[in-house]
Amino acid sequence: MTTSKKKNTKKTQKKTSKKVIKKSVTKKKSVKKSTKKKSSKKSQSLFWKWFKRVFLFGLILGLIVLILLFLYTHHLYKTEVPKFEGRRWSVPAEFYAQPQELYVGAKASASGLETDLLDLGYKRSSRINAPGDFSRQSNVIKVYVREFQFWDGLQASKQLQITTRAGSVTELKNLQTGRNEAIFRLDPLSIGRLFPGDGEERIIVKLSEVPIELQQGIIAIEDRKFYEHFGIDLKGIVRALIADIKAGAMVQGASTLTQQMVRSYYFNNDKTIKRKVNEVLVTILLERKYEKEELLETYFNEIFMGQSGGRAIHGMGMASRHYFNKPLRELKPHESAVLITLLRGPSYYNPRRYPERVLKRRNLVLNIMHEQGAISEEQRDFAQLQPLTVSEKPPAGISDYGAYLDIVKQQLKRDYAEEDLNTVGLKIFTTLVPVTQKIAEASVKKGLEKIEKANNLKANSLQAAAIITSVDGAEIQALVGGREASFEGFNRALNAKRQIGSLMKPFVYLAAFETGNYSINSTLKDEPIEIVQKGKDEVWKPENYNKEFSGQMPLFSALARSKNVPTVHLGMEVGVEKVMQAAARSGLEKTPLAYPAMMLGSMSLAPIEVAQMYNTLANSGYRTPLRSVRAVLDEQGQPLQRFPLEVEEVFDNDSMTQLNSLLHLVTQKGTGRRLQSLMPNFPVAGKTGTSNDYRDAWFSGFSGDLSTVVWVGSDDNHNTGLTGSSGALPIWGDIMKQVAQIPFALTPNDNLDMLQFDFSTGYLMKDCTRGENDVLLPAKLTVHEQAEFIRCSLGQQVPTKDEDKGGFFDWLRGD
Amino acid sequence: MNKQKHLLLLSFLILFLLPACATSWPDPYEKPKPVVVSAPEPVFIPEPTPEPPVVETMALPDSRVGTATPIEIPAPTPVIEAEPELAAVVALRGQAQSSLSNGEPAMAAASIERALRIQAKNPILWLDLAEIRFAQQEFTQAENTAKKALAYAGNKRDINKQAWTVIANSRYARNDKDGGLRAEAEAARF
């Protein structure tokens with residue numbers, strides 16, 4: 001018994017620390033010298049004493065470690081795991097452009113549609129088998145349109161045949177039913193995402209949207225035992241260790257998908273013990289908390305897939321967009337294999353930079369996918385024959401439409417909490433028209449270069465802004481914040497407050513018409529005037545552009561020729577306050593102070609404010625607040641808030657008809673008549689503006705469908721020598737001749753009559769045929785004005801006359 | 001001085017080219033003396049008809065005409081014309097109608113707005129939208145939108161009548177009885 005006990009104790013002793021063993025051995029030696037019984041008893045009690053101490057110490061230490069580990073794990077569970085939970089739902093807001101509407105009569109060409117489809121990531125193919133395919137044979141396009149959740153409902157996927165002729169759609173046929181479709185829209189272009197500020201881009205996908213080959217392929221390559229292990233693959237680690245030892249280097253990783261996901265989340269690749277411990281613990285915690293499918297879905301959305309400029313590409317959804325410019329669900333097996341290849345190092349296997357390296361690895365991946373049963377032999381053979389099919393360059397990121405998105409964000413901020421915009425996966429439908437935006441950007445860039453050259457200005461010394469809105473809907477279709485659209489910086493369209501000059505004049509005339517005391521051919525004074533302004537010592541003596549006075553002139557030519565002095569006389573008669581109120585009613589937030597000089601536009605406004613004012617004029621006096629957002633959907637596709645079309649009549653129809661006919665006259669015979677050669681036979685209306693010392697050049701005007709404002713100047717506000725006519729009008733004309741489709745026209749008005757006037761004298765003409773110097777304008781005449789007119793003998797013209805009065809040659813010189 | 005020279009030359013040319021008409025032309029140097037006719041009736045020119053851009057009335061007597069350059073005459077200010085009926089617009093109006101009867105006026109408004117993006121100046125669509133706004137009990141917007149329908153209605157009697165009716169009802173709904181009566185009287189005119 002005792003010997004066995006002894007043996008046992010020896011064994012136990014061995015298990016304890018070396019120090020203890022040594023001590024017990026010395027004790028044994030001394031014990032041998034004394035009697036066996038005594039010594040054994042003594043040694044036993046001594047041993048037990050030590051043993052108990054050590055055991056207790058170990059127990060307490062172990063307990064403390066366990067408690068600490070538990071606390072730490074619990075801490076991780078409380079802090080890190082919820083991050084993943086949050087991450088699964090933290091989807092940035094996505095912004096879309098206006099969708100392209102297709103219907104018989106819609107303006108569209110086959111080549112234009114082809115470009116649109118390619119921009120949307122549709123793929124040309126001989127047969128349209130799946131959503132995202134299209135084919136074109138001369139003027140006929142067949143397209144398998146993708147399903148899309150719009151703000152007013154889900155539009156199912158459809159196979160369509162679109163026939164175009166002479167620039168418009170002539171037939172729209174559903175290939176599945178053989179019937180004609182009345183109206184259909186393409187899925188809208190995604191123009192950017194708003195991130196939670198960490199510079200990460202992602203498109204969240206559901207597991208069901210991930211192609212099955214990609215799912216099985218990733219498990220086959222990265223983590224074969226994914227469905228069996230508890231988060232850590234112990235066998236795998238051993239296997240990898242053996243492989244590493246054999247090779248004498250790190251050749252095989254044994255990280256499970258969950259581990260990779262956790263690592264990708266921490267993102268930094270430092271190899272500290274703490275990070276490794278955290279990784280293992282969090283992995284095990286996540287595995288306990290979530291189902292394998294949930295983890296796999298998170299993996300697909302979390303994994304790091306590359307870098308693009310300052311943005312990290314996370315998740316397979318974003319990677320599919322970034323590398324192939326199409327939705328994940330449309331990926332073919334050979335493309336899935338490229339994404340799997342990328343997992344082994346997105347920069348080493350960057351397919352745009354190292355296509356050969358990627359192709360080689362991709363084919364290897366395809367082999368393994370086949371071996372593991374993810375794809376069939378035929379699939380593998382076919383896939384290995386395919387080229388890389390990576391898109392030439394990544395699709396638009398947020399910076400490409402940065403200037404436009406500034407106004408969108410501004411308008412959203414009025415209606416949403418910023419954190420909602422950042423965290424919840426909103427879908428925001430903007431009113432941007434990508435084609436119009438492209439045209440406007442190009443016109444601004446090209447136009448400024450031309451203007452600099454033509455006026456001997458230093459290259460790149462000028463800046464510009466432009467805003468294009470639809471007339472009746474008041475939707476902002478394009479917004480240019482500077483000459484380099486891709487450069488994110490100061491957005492002049494929204495933030496550059498500049499003097500508007502003569503753009504203010506129409507409101508003087510509008511206020512005059514509203515009084516009912518003036519008609520289109522009233523006579524205005526054009527003689528020196530001195531005005532003492534409140535609070536200012538200096539007497540204001542406005543002058544005409546040519547510094548001459550003609551005595552008097554008809555109202556319509558005073559506005560058409562942008563005469564300062566007659567405008568000031570008119571404004572003083574009407575009342576400066578009324579003029580400012582009219583300007584404010586067109587859509588200014590505040591009524592400008594009623595200083596007389598304000599009538600000639602000494603106030604500073606941003607182009608976006610001018611856009612609102614002139615949109616109201618374009619709308620014949622109905623003000624509709626400009627909007628850049630049509631609808632917002634939450635992540636479940638439910639509409640959060642609609643921004644309905646609102647209108648308010650702020651100017652009466654008679655006043656507006658007269659004013660707009662004058663703004664039309666500006667472009668025919670006034671300061672904007674250059675448009676006659678830029679846009680021949682396409683009526684438009686508008687006004688030039690030039691601020692003091694040629695600091696700012698403006699042109700603001702409209703066709704029947706679009707209202708556009710262009711500002712040109714320099715950032716340091718110096719004299720450019722440009723007028724509205726020479727600096728801004730050419731760009732305006734270049735934009736409008738490409739995008740405007742409906743010519744300017746007056747709204748019908750029974751209270752006014754179209755009358756013929758002599759342009760220089762303003763005399764009403766009777767029985768005269770049309771001549772070069774007369775104009776037809778809608779008018780409501782006072783009794784006095786009805787009395788005076790020139791009568792022609794039947795079939796005759798009134799000759800050009802009375803040019804001494806100064807008009808004709810003055811206005812040739814412009815604003 | 002220079003101007004005068006130009007004018008002199010120009011008027012000589014005109015006088016030379018048009019000897020037959022010379023008698024009826026006023027002297028270009030004098031300030032024009034308006035012919036005062038004691039006519040109480042306004043002298044109105046009827047609806048403008050587009051004319052070719054070249055002056056065709058100058059029946060010139062001899063071959064020297066060849067040197068005359070054509071003069072551009074500004075076209076009369078165009079007036080908005082009625083828009084043609086489009087199948088797409090008909091379909092969208094149908095959608096709006098069914099949304100409205102399903103008690104989804106917001107959806108109905110979305111369909112009409114979509115149609116308005118195709119035909120922005122179609123008064124029928126503005127009238128539809130006005131009626132939807134009324135159904136949404138947005139009475140101010142209903143009136144404003146109906147006015148927009150009026151702006152594009154021209155002399156279409158039925159649209160004028162219906163738009164004024166919407167305006168009248170919107171005013172009554174806002175307890176503006178006088179305004180409502182006035183609008184009703186307007187509606188009765190059509």
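Reminder, nothing fancy here: chain letters follow the sequence lines and each chain counts from 1.
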Verdict with reasoning, B:E113 to A:R630, per salt bridge (Lys or Arg N to Asp or Glu O under 4.0 Å): CA-CA 10 Å; B:E113 282 183 35; A:R630 213 175 262 175; over 6 Å; no

Residues A:E646, B:E138; criterion side chain to side chain contact (heavy atoms under 4.5 Å, CB included); working and verdict: CA-CA 10 Å; A:E646 288 189 350; B:E138 299 266 359; 5.6 Å; no

Taking side chain as everything from C-beta outward and backbone as N, CA, C, O, which of these in [X] sits under 4.5 Å from a heavy atom of chain B? Side chain, backbone, both or neither.
{"X": "A:P683", "value": "side chain"}
{"X": "A:S620", "value": "neither"}
{"X": "A:E475", "value": "side chain"}

Leading residue by heavy atom contact count with chain A [cutoff under 4.5 Å; candidates B:I118, B:L116, B:L86]: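 It is B:I118.
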
Heavy-atom pairs under 4.5 Å with chain A, option from B:A153, B:S111, B:A110, B:A87 with the top count: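 Of the candidates given, the most pairs with chain A belong to B:A110.
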
Rounded to the nearest 0.5 Å, what's the gap from [atom1] on [X] to [atom2] on [Y]? Could you check?
{"X": "B:R117", "Y": "A:L645", "atom1": "CZ", "atom2": "CG", "answer": "9.0 Å"}
{"X": "B:R114", "Y": "A:F150", "atom1": "CZ", "atom2": "CZ", "answer": "7.5 Å"}
{"X": "A:E648", "Y": "B:T145", "atom1": "CD", "atom2": "OG1", "answer": "11.0 Å"}
{"X": "A:D705", "Y": "B:K121", "atom1": "CG", "atom2": "NZ", "answer": "7.5 Å"}

Contact leader toward chain B among A:I183, A:V471, A:V647, where contacts are heavy-atom pairs under 4.5 Å: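 Maximum pair count with chain B is reached by A:V647.
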
Contact leader toward chain B among A:N619, A:T657, A:I742, A:L172, where contacts are heavy-atom pairs under 4.5 Å: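 The candidate making the most pairs under 4.5 Å is A:N619.
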
Work out which heavy atom in [X] is nearest to a heavy atom in [Y]; give both atom names and the distance.
{"X": "B:M107", "Y": "A:W151", "answer": "CE-O, 4.3 Å"}
{"X": "B:A88", "Y": "A:A182", "answer": "CB-O, 3.6 Å"}
{"X": "A:Y622", "Y": "B:N144", "answer": "CE2-O, 4.1 Å"}

A:D750 CG: over 12 foreign heavy atoms closer than 6.0 Å: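 Counting neighbours around CG of A:D750, 12 or fewer heavy atoms of other residues, nucleotides or ligands fall under 6.0 Å, so no.
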
B:L92 and A:Y103: CA distance, side-chain angles, deciding distance, side chain to side chain contact (heavy atoms under 4.5 Å, CB included) verdict: CA-CA 11 Å; B:L92 289 170; A:Y103 53 90; over 6 Å; no

Note, B:Q136 side chain near A:P644 side chain (heavy atom, < 4.5 Å):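 No; the side chains remain at least 4.5 Å from each other.
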
